Q: 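Pasting a structure here, questions to come.
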Amino acid sequence: MATMSANFILFLLTMAACSSVIFSASVVEDLNTLHPPSDFNTTISKNCLLNPSLRYCSTSPMNLIEIFKSSIVASHLCNDSRNPNCVESFPKIDLRSRPNIALLYLSFHFFWKYCPLSILSIDLSNNSLKGSFPIDVLECKQIEALDLSRNDLIGEVSFRIFSDLANLTTLNLSYNQFSESRISDSELFFKRFNSSSFISSGLLPDHRKYRMKVVILLIVFPILVIVLVWFLGWLCFHRPDFLPRMLRRKHKFTPAMLRAATDGFSEKNLIVKCEGVDIYSGVLRDGTEVRIEIYRNGNSREIRNEFIEECKIFTQLFHKNLVKVLGSCHNRRMRALVIEASEGESVDMWLSRSRPPWKQRLKVAKGVLEGMVYLQEQWPAVDYDLRTDSLLLSRKLVPLISRFKLGHQNCSSRNIYKFGVFWFEMIVNRQLRDEIKQDESSFIRNIKTQISKNLQAVINECMELQRESMVNQAKTAMNLALMCTDQSHGHQPNLKYIYDTVTRLSSNQKMQEAEKIRHKRILSRN
Ligand SMILES: *[C@@H]1O[C@H](CO)[C@@H](O)[C@H](O)[C@H]1NC(C)=O
Ligand SMILES: *[C@@H]1O[C@H](CO)[C@@H](O)[C@H](O)[C@H]1NC(C)=O
Ligand SMILES: *[C@@H]1O[C@H](CO)[C@@H](O)[C@H](O)[C@H]1NC(C)=O
Ligand SMILES: *[C@@H]1O[C@H](CO)[C@@H](O)[C@H](O)[C@H]1NC(C)=O
Ligand SMILES: *[C@@H]1O[C@H](CO)[C@@H](O)[C@H](O)[C@H]1NC(C)=O
Ligand SMILES: *[C@@H]1O[C@H](CO)[C@@H](O)[C@H](O)[C@H]1NC(C)=O
């Protein structure tokens with residue numbers, strides 16, 4: 001303390017040297033009117049010799065005007081800070097709740113540069129100071145207390161600037177609007193001063209904000225996660241068609257997808273409702289038109305497992321004469337097969353509607369046989385349906401086998417028989433559903449008895465068999481059908497034989513057509 005007052009006395013000696021009228025006017029007036037006396041540099045030099053720790057002694061070159069001015073400011077500030085005896089000591093700067101003069105003194109940058117060593121505490125609180133941290137204040141490195149609370153200071157505080165202030169024990173930055181520091185050494189700083197130095201300063205995380213964050217972290221975040229998981233789950237289990245293609249399971253459809261595709265299984269999408277199966281038309285999200293077959297005939301675990309096995313195989317079938325099975329949907333309430341839709345109609349409708357010529361019937365039969373050959377060679381375990389009401393026909397007259405079953409007793413003899421019945425229906429055109437429904441075997445028996453009476457009469461009159469060769473072809477075909485349906489004596493031809501025969505008939509037909517056209521041309525030329 002002794003050195004302090006000695007320092008201050010030196011300081012005041014400086015004052016005394018400068019003017020005797022120093023307290024006569026306001027600080028601004030004094031700064032304008034007073035000038036350093038001629039021996040001022042000598043006084044300063046003497047002071048520095050006596051006490052080299054004086055702040056102005058370490059500056060070089062010395063700015064005598066600034067030093068003089070700062071001594072004027074110091075003497076005013078000492079009195080304004082209500083220090084009791086400014087002639088002897090200047091321990092504190094107390095400008096609390098005095099916004100105007102606090103701002104004025106802060107604006108004297110030169111003063112803070114030469115901050116008197118005697119000052120131990122600075123209080124600038126409750127002054128509505130604006131802008132960033134008044135860094136000039138920290139030139140008074142010896143201070144023990146600094147209060148900047150209740151101002152409107154903003155920006156980040158670099159805590160590094162406090163590291164020079166070794167004796168600073170009381171700091172108050174409360175009630176300001178600083179930004180939270182992102183500097184890593186802030187932790188040390190906050191250990192040095194406890195939280196009561198930073199109340200609502202913006203430097204420490206606000207408790208309310210902190211609580212908000214905790215609430216968000218503990219409640220909102222888990223809820224968000226749950227919602228997200230739920231949403232993803234919903235997507236995966238209900239609407240996987242909204243997922244990117246790579247995340248979707250191939251061939252897997254969900255009831256929600258089918259519901260969306262069929263407009264909620266609406267009446268207008270229902271194509272047909274027959275025993276155990278509802279067939280809907282629909283459009284998938286990607287625009288693919290599909291036929292959706294929903295099976296209503298039981299849904300026990302056993303049936304379902306069987307269905308799953310079947311679907312696995314059906315989705316692998318790939319041939320131009322087989323419908324394309326896109327996938328399936330199965331759960332405890334539903335079993336459905338999704339099939340690519342083909343434009344056209346069933347073969348029996350085609351037969352009864354358009355009375356197709358012989359040539360077209362051959363073409364269709366050949367297509368059916370190609371599908372059968374593919375299945376026999378590649379998928380011998382797959383059984384299929386050849387009834388004319390289940391076979392589909394595209395606009396270009398490409399037949400599509402559309403009903404499959406994983407056959408336990410898939411037997412080629414049975415398939416040949418089925419083809420025979422189909423072939424009969426194609427030739428005779430006497431499809432007459434009632435008759436068929438009655439009994440397949442009686443239908444065949446009926447035809448057989450009629451054939452023995454008059455073959456020609458049995459052959460469909462609508463076929464327009466204009467020429468003898470065609471009639472012969474139809475007879476060959478009829479015989480083939482007879483052989484196919486004759487399971488009794490092992491007379492059944494094999495698939496290859498049937499295929500060859502139909503192909504031959506078909507190509508004969510083509511040759512004859514060509515012949516006919518040539519003939520016509522020759523005639524017209526003559
Ligand atoms: C010193 O300060 C007091 C108030 O604290 C004031 O009344 C007085 O005029 C001041 N003296 C000078 C010389 O400025
Ligand atoms: C004081 O200033 C005068 C000129 O203004 C200069 O000649 C002299 O050397 C200075 N003395 C000191 C001690 O700096
Ligand atoms: C802050 O200053 C205002 C006047 O500027 C005064 O009315 C108020 O009481 C002061 N508050 C504190 C806490 O000192
Ligand atoms: C801190 O105080 C001690 C003793 O009071 C003093 O020697 C030292 O110079 C002071 N530090 C600063 C940076 O002023
Ligand atoms: C903060 O430190 C001061 C002394 O510097 C002490 O009086 C006060 O109780 C402390 N407050 C807290 C919250 O630790
Ligand atoms: C800082 O100032 C505020 C308001 O004036 C006060 O509540 C708080 O206790 C002070 N903190 C310290 C460490 O003095």
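Numbers for residues simply follow the sequence, beginning at 1. Every value quoted in this text rests on a predicted model; they were computed, and no experiment measured them. Whatever order the structure lists them in is the order used to number ligands and atoms, beginning at 1.
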Q: Any side-chain heavy-atom pair from Ile161 and Phe133 closer than 4.5 angstrom?
A: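 In short, these two side chains touch, coming nearer than 4.5 Å.
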
Q: Is the backbone N or O of Asn331 less than 3.5 Å from a side-chain atom of Asn299, with the two atoms forming a donor-acceptor pair by type?
A: yes

Q: Report, in ascending order of atom number, the atoms of ligand 3 lying under 4.0 Å from any heavy atom of Ser97.
A: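 Checking each atom against Ser97, I get 1 (C), 2 (O), 10 (C), 14 (O).
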
Q: Which heavy-atom pair separates Asn151 from Ser128 by the least distance, and what is that distance?
A: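 The pair with the smallest heavy-atom distance is OD1-N, 2.9 Å.
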
Q: Starting from atom 13 (C) of ligand 4, locate the nearest protein heavy atom and write down its residue, its atom name and how far away it is, to 0.1 Å.
A: Lys141 O, 3.8 Å

Q: Are any of the protein's heavy atoms under 4.0 angstrom from atom 5 (O) of ligand 3, yes or no?
A: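 No, there is none.
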
Q: Kindly confirm or rule out an N or O of Thr170 lying under 3.5 angstrom from an N or O of ligand 6.
A: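 In this structure, Thr170 places no N or O atom under 3.5 Å from an N or O of ligand 6.
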
Q: Kindly determine whether Phe111 and Tyr105 satisfy ring pair (Phe, Tyr, Trp, His ring centres under 6.0 Å), including the steps that lead there.
A: CA-CA 8 Å; Phe111 164 75; Tyr105 282 107; 7.3 Å; no

Q: Need the ligand 6 atom indices (1-based, order shown) with element for anything under 4.0 Å from a heavy-atom of Ser174.
A: 1 (C)

Q: To which protein heavy atom is atom 3 (C) of ligand 4 closest, and what is the distance rounded to 0.1 Å?
A: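 For this ligand atom, the closest protein heavy atom is Asn167 ND2, 3.5 Å.
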
Q: Out of all atoms in ligand 4, which are within 4.0 Å of some heavy atom of Gln142? Include the element for each.
A: 14 (O)

Q: If we count only non-hydrogen protein atoms and require a distance under 4.0 Å, does atom 9 (O) of ligand 3 qualify as touching the protein?
A: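 No, no protein heavy atom sits under 4.0 Å from atom 9 (O) of ligand 3.
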
Q: Does any N or O atom in Asn126 lie less than 3.5 angstrom from one in ligand 3, N or O only?
A: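 Yes; at least one N/O pair falls below 3.5 Å.
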
Q: Measuring only between side-chain heavy atoms, which start at C-beta, is Gln378 closer than 4.5 Å to Gln316?
A: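 No, side chains not in contact.
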
Q: With nothing but distance in play, are any N or O atoms of Asn172 less than 3.5 Å from an N or O of ligand 6?
A: yes

Q: Measure from NZ or CZ of Lys69 to the centre of the six-membered ring of Tyr114 and say whether it is under 6.0 Å with the direction within 45° of the ring axis.
A: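 Because its charged atom misses either the 6.0 Å distance or the 45° angle limit, Lys69 does not stack over Tyr114.
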
Q: Are any of the heavy atoms in Phe193 under 4.0 Å away from ligand 6?
A: no

Q: Are side-chain heavy atoms of Asp152 and Gln177 found at a separation under 4.5 Å?
A: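 In short, these two side chains touch, coming nearer than 4.5 Å.
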
Q: Give the minimum heavy-atom separation between Ile154 and Phe178, together with the two atoms involved.
A: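 That would be O-CD2, 3.7 Å.
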
